[in-house]
Number of protein chains: 2
Amino acid sequence: MSARAIPYRPHNHDACVSQALADARAICQQHNARLTPIRERVLELIWQSHKPLGAYDVLGELSSDGHNAAPPTVYRALDFLQQNGLVHRIASLNAFIGCTHAGQSHTGMFLICRACSNVLELTAPMVTSEVCKAAAGEGFRAENTTLEIAGLCPRCQAEPGHD
Amino acid sequence: MSARAIPYRPHNHDACVSQALADARAICQQHNARLTPIRERVLELIWQSHKPLGAYDVLGELSSDGHNAAPPTVYRALDFLQQNGLVHRIASLNAFIGCTHAGQSHTGMFLICRACSNVLELTAPMVTSEVCKAAAGEGFRAENTTLEIAGLCPRCQAEPGHD
DNA sequence: GCAAAATTTGCAACATTATAACATTTGCAC
DNA sequence: GTGCAAATGTTATAATGTTGCAAATTTTGC
Ligand SMILES: [Zn+2]
Ligand SMILES: [Zn+2]
Ligand SMILES: [Zn+2]
Ligand SMILES: [Zn+2]
């Protein structure tokens, strides 16, 4: 059996953050999109862990920074990051998570642990194709898929309640 | 090719409502759950169409009824109906829709038309099994799946913008 | 460089969705 | 009927998200 995915094992999370920021800079350059300081800071905050973060949590962190931000500041930054495929919104949690497939065209599928809150984003081609098939079977043209799975991650199955 | 699903063709919607209410009464009896007048009325309101309805829309309709309800009344009724598998919450819309598979154990998959708002609930066993397979591949124990697909229904592909 | 245009940010108010806490009423068992 | 549990009423408040407009910044055209 293969190794657990990143969120499920100890890892150097600073490397996750650095990578995400580097990717973001590259992608924004390609898109001619401006990754301004606020946007970059919001992305960094979103990436502070593999747990999704609410908009008002981001707002709170910005305030701790000494940056006196209002909700629109955060929502606009999040919109920008979503537009550029750098973060995803988790509808079932009203929260946001850094995309681990930035730059790749993909349909995210999110495994959300109800015990530790960590989220793993997967691309599952077979799932995507079955979803399209099911929709097509009803004559429906699928454009955007929300696929969020709540449950227990491997760590929390073994040892409930840890971080 | 087979006929379109109910929401996508003209039909006697009163029959949808009657059926849903009859099913609800039967299911609540089985569960020893009390389908009180308010709960039944909320279910009926949710079923007024195949479009999802927000909690505050329900609240407004109750007020029109002359019933002076407050938000908790509606949310409690909706919780009850969800518990008993009679309605689903559409996370991506913050809205509620009548379950078309009440009484059957199922994982709902919702096709949401962005033009006319109608929602079709499907059960797609192949999708469910691929989702479980993908989750299991990461060691994740899936408990609850949110699967919502936005796009264009067959009618709106042919003739955009109608009801 | 410099003015005009476009984008981004600041800011205040507001809208929508959902819950908490506690009192009151209703249905049911005994 | 009394007592208990479930359901509902009521008030207030929390959490999430948006609108509209002004000020600042960046880009563009010259
Ligand atoms: Zn990490
Ligand atoms: Zn992604
Ligand atoms: Zn109908
Ligand atoms: Zn259903």
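Order of the sequence lines fixes the chain letters, A, B, ..., with proteins taken first and strands second; residue numbering starts at 1 for each chain.
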Residues that B/F110 engages under ring pair (Phe, Tyr, Trp, His ring centres under 6.0 Å), provided they are two or more places apart = B/H88

query = Between atom CG in A/L53 and atom P in D/dA15, what is the gap in whole Å?
reply = 15 Å

task = Figure out the CG/P separation between A/N32 and C/dT8, and round it to whole Å.
result = 11 Å

query = Atom CG of B/L86 and atom CZ of B/R39: how far apart are they, to the nearest 0.5 Å?
reply = 11.0 Å

query = Between atom CG in B/L35 and atom P in D/dA7, what is the gap in whole Å?
reply = 11 Å

key: Side-chain donor/acceptor of B/E40 to backbone N/O of B/A24, under 3.5 Å   = no

Any side-chain heavy-atom pair of B/H31 and B/Q83 under 4.5 Å = no

message = If I take atom CZ in residue B/R34 and atom P in nucleotide D/dA7, what distance separates them, rounded to the nearest angstrom?
response = 5 Å

key: Value in whole Å for how far the P atom of D/dT8 lies from CZ of B/F80   = 9 Å

query = Side-chain contact, heavy-atom cut-off 4.5 Å: A/H50 with A/L120?
reply = no

ask   = Under 4.5 Å between any side-chain heavy atoms of A/T145 and A/T128, yes or no?
value = no

Listed pairs, N/O of protein and of nucleotides 9-19 of chain C, under 3.5 Å:
{"from": "C/dT9", "atom 1": "OP1", "to": "A/T36", "atom 2": "OG1", "distance (Å)": "2.6"}
{"from": "C/dG10", "atom 1": "N7", "to": "A/R76", "atom 2": "NH2", "distance (Å)": "2.7"}
{"from": "C/dG10", "atom 1": "O6", "to": "A/R76", "atom 2": "NH1", "distance (Å)": "3.1"}
{"from": "C/dA18", "atom 1": "OP1", "to": "B/R89", "atom 2": "NE", "distance (Å)": "3.2"}
{"from": "C/dA18", "atom 1": "OP1", "to": "B/R89", "atom 2": "NH2", "distance (Å)": "2.1"}
{"from": "C/dA18", "atom 1": "OP2", "to": "B/Y75", "atom 2": "OH", "distance (Å)": "2.9"}
{"from": "C/dA18", "atom 1": "O5'", "to": "B/Y75", "atom 2": "OH", "distance (Å)": "3.4"}
{"from": "C/dA18", "atom 1": "N7", "to": "B/Y56", "atom 2": "OH", "distance (Å)": "2.6"}
{"from": "C/dA18", "atom 1": "N6", "to": "B/Y56", "atom 2": "OH", "distance (Å)": "3.3"}

